[in-house]
2 protein chains.
Amino acid sequence: MSGVTIHEVATRAGVSASTVSRAFTNPQLVRADTRDRVLQLARDLGYTPNRAARGLITGRTGNIGVVVPDLANPFFSAVLKGANARAREADQIVFLADTDEDPGVEEDLVRAMAKQVDGIVLCSSRMSGHQLHELMPSIPLVLLNRREDDRPAVLFDNVAGVRRLLAHLGALGHRRVAYLGGPRTSWSDRERRRGMRLAARREAVDLVELGPFEPTYEGGLRAADPAAATGATAVVAFNDLMALGVLNRLAARGVAVPGEVSVAGFDGIPTAGMGALPLTTVALPMVQAGRAAIDLLLERLADPDPDAGRLQRVLDVDLLVRSTTATPLAPPPTPPPNPPTADVQGGRP
Amino acid sequence: MSGVTIHEVATRAGVSASTVSRAFTNPQLVRADTRDRVLQLARDLGYTPNRAARGLITGRTGNIGVVVPDLANPFFSAVLKGANARAREADQIVFLADTDEDPGVEEDLVRAMAKQVDGIVLCSSRMSGHQLHELMPSIPLVLLNRREDDRPAVLFDNVAGVRRLLAHLGALGHRRVAYLGGPRTSWSDRERRRGMRLAARREAVDLVELGPFEPTYEGGLRAADPAAATGATAVVAFNDLMALGVLNRLAARGVAVPGEVSVAGFDGIPTAGMGALPLTTVALPMVQAGRAAIDLLLERLADPDPDAGRLQRVLDVDLLVRSTTATPLAPPPTPPPNPPTADVQGGRP
DNA sequence: GTGAAAGCGCTAACAG
DNA sequence: CTGTTAGCGCTTTCAC
């Protein structure tokens, strides 16, 4: 908090505070030698302008806030990598906060941050549409991985992702695919379900929807048995963490993966050792998404009233076949023993 | 940045700004009904005090900075979880920054943050002692996982950790153990090497030190072959990420783990699926360390000139036997074919 | 090209 | 109990 003030620099340099200020913010307004002397002295003294005080008057702090539900989720670390890098290029610094998946905490944090940053990137916000709208007026907000009307947002093309995934599975001969859903409140989950239905129809595969499950490794462990019981030869999980759980549980049951069953996930999380797993996944460009979110925020700050909709970016996703997703070993077993409780869709149009 | 100001609240409530201010910071100084009216109105308007402006006068912002080299490292996400939780209890908010392992960036970030936070927790700082000392006067600093003279710090008891680990391995009959070292500049690595030497002597096992290696999954892949060539029946890696790489490479070579070789790591990173791996590890209490760092910082802020040394905490570490670390299959092969290039230590005193 | 003065949003005396 | 005054560190008119 404490530190060297502009006044000390000014006094020692034998100039006024205004001149020191100008040397930093408008160098061309200061005579070269004065400027150099001031800047050199500032460096020696370890002076850095107080961004908070500056913000008080300019309305710009040079800080950008990023809020995530859970820092331990590799998805968000990847997003943050991108956001950080882009922010640094723009000479902004990123302040990060973790809401612990709590919408109440999320709101408090945004409020507390609001005055200290120029704008906030909300990643996979858990807040209600109502809360979001209440917050909007107090601070420029960019959503990541969530759409809310036509607010600025960075989104992934989930529908295209599952289409590619199902095309891949279909080409290999899979005719019955289970989808293990994530949280009902998740925008991504809704999009992926929608995409799965479209793609299943198109590929003429039976789709079995299960869930919701917790979007975690444990959730995957729990989802594996119901998934196997559907008689599906391929399982698509809501995210990589769940897919990992499924793989593990199936392995424990002695099910051959890939072989009897193929498992696919979502995210493409960069975890050590993932490369060795028989896991095909829809890879989301998380780092790029982080960059894009900062881009959007900077644009919005430059032009506070842009055309609505101009500030939404939908990012392309890739299919990452980490190991051969196998052709089903045998024709899928005829009608599964325990018909799933979830609804069944698909079949030729 | 923008938002409702204290003045608007004051005007609408028919009181002065001071009263509003007091309602927030010293409620007992305001008559109950006035206070309630003001607070209610503030809530309705969505007013939150501007911490930056407040900090300008009080010298306290209510923000705490945490700086890490790499957010993608699960070690730091875990630390951050703890720090966040503790900070929230103290009604502080954590601003986080990622230095991308660059000491220059680290210094810049600390400087930029300094004026906007009350203190900073530097995790595994990559800065030189010189840089660190230059920064000290400008802002209260707490180090985590690094010792620098008697500056406030949270440290792990690495020496005790390796002692426990070697005792475990020794009891199982391992008589030759390889240590795969991390970065030379790492304080942890130096401590672990020191501890390994002490413990090896005490347990009467041969210690083979290798490295330095990159403290990553890839580093582990590269370290595996040299480690196997030493004829050691147990391998201790600098961290879990490396251990994972070793496991993978050994599996690819068809080496039985545990069996021919046992692998141990450091950290106890909470990655999905880790529990299923045959990996014994020294588990560092990372969440607790995050909490402790905030504690230290709060203490230091309350008492700016504490007894030197009172503000260092050394945290106990646990041995986490994730799966049975096996007894060596056979008496270790007599003199290894390729004597290691690194120095060999150990043997009975 | 540079300084003096005013004010950003807030809190801390000091009066009343 | 509450309002008035001053000023935190900085930038920005407006003079010179």
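Chain letters run A, B, ... following the sequence lines, proteins first, then strands; residues in each count from 1.
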Reckon [X] has a side-chain N or O less than 4.0 Å from the OP1 or OP2 of [N]?
X: Thr58(B); N: dC10(C); answer: no
X: Arg54(A); N: dT11(D); answer: yes
X: Thr19(B); N: dG3(D); answer: yes

Can you tell me the distance, in whole Å, between the [atom1] atom of [X] and the [atom2] atom of [N]?
X: Ile6(A); N: dC8(D); atom1: CD1; atom2: P; result: 13 Å
X: Leu29(B); N: dA13(C); atom1: CG; atom2: P; result: 12 Å
X: Arg51(B); N: dC10(C); atom1: CZ; atom2: P; result: 13 Å
X: Asn50(A); N: dC8(C); atom1: CG; atom2: P; result: 18 Å
X: Gln116(B); N: dC8(D); atom1: CD; atom2: P; result: 19 Å
X: His7(B); N: dC8(C); atom1: NE2; atom2: P; result: 9 Å
X: Asn26(A); N: dT11(D); atom1: CG; atom2: P; result: 10 Å

From C-beta outward on Leu56(B), which listed nucleotide comes closest to its side chain: dG9(C), dT11(C), dG3(D)? dG9(C)
Which of dG9(D), dT11(C), dC10(D) is nearest the side chain of Ser21(B)? It is dT11(C)
Please report the closest heavy-atom contact between [X] and [Y], naming both atoms and the distance.
X: Ala17(A); Y: His7(A); value: CB-ND1, 4.4 Å
X: Leu155(A); Y: Trp187(A); value: CD2-CH2, 3.7 Å
X: Ala112(B); Y: Ile93(A); value: CB-CD1, 3.9 Å
X: Leu45(A); Y: Val4(A); value: O-CG2, 3.2 Å

Ile57(B) or Arg22(A), whichever maps to the more 5' nucleotide of DNA chain C: Arg22(A)
Rounding to the closest angstrom, what is the interatomic distance between dG9(C) and dT2(D) at atom P? 24 Å
Using atom P of each nucleotide, how far apart are dA6(C) and dT5(D) to the nearest Å? 15 Å
Pair Arg31(A)-Asp33(A), salt bridge (Lys or Arg N to Asp or Glu O under 4.0 Å): steps then yes or no: CA-CA 6 Å; Arg31(A) 208 178 49 216; Asp33(A) 61 331; 3.0 Å; yes
Could you tell me whether Phe24(B) contacts a base, only the sugar-phosphate backbone, or nothing, with contacts defined as non-hydrogen atoms closer than 4.0 Å? nothing
At under 4.0 Å between heavy atoms, what does Ser18(A) touch on the DNA or RNA strands: base, sugar-phosphate, or nothing? base
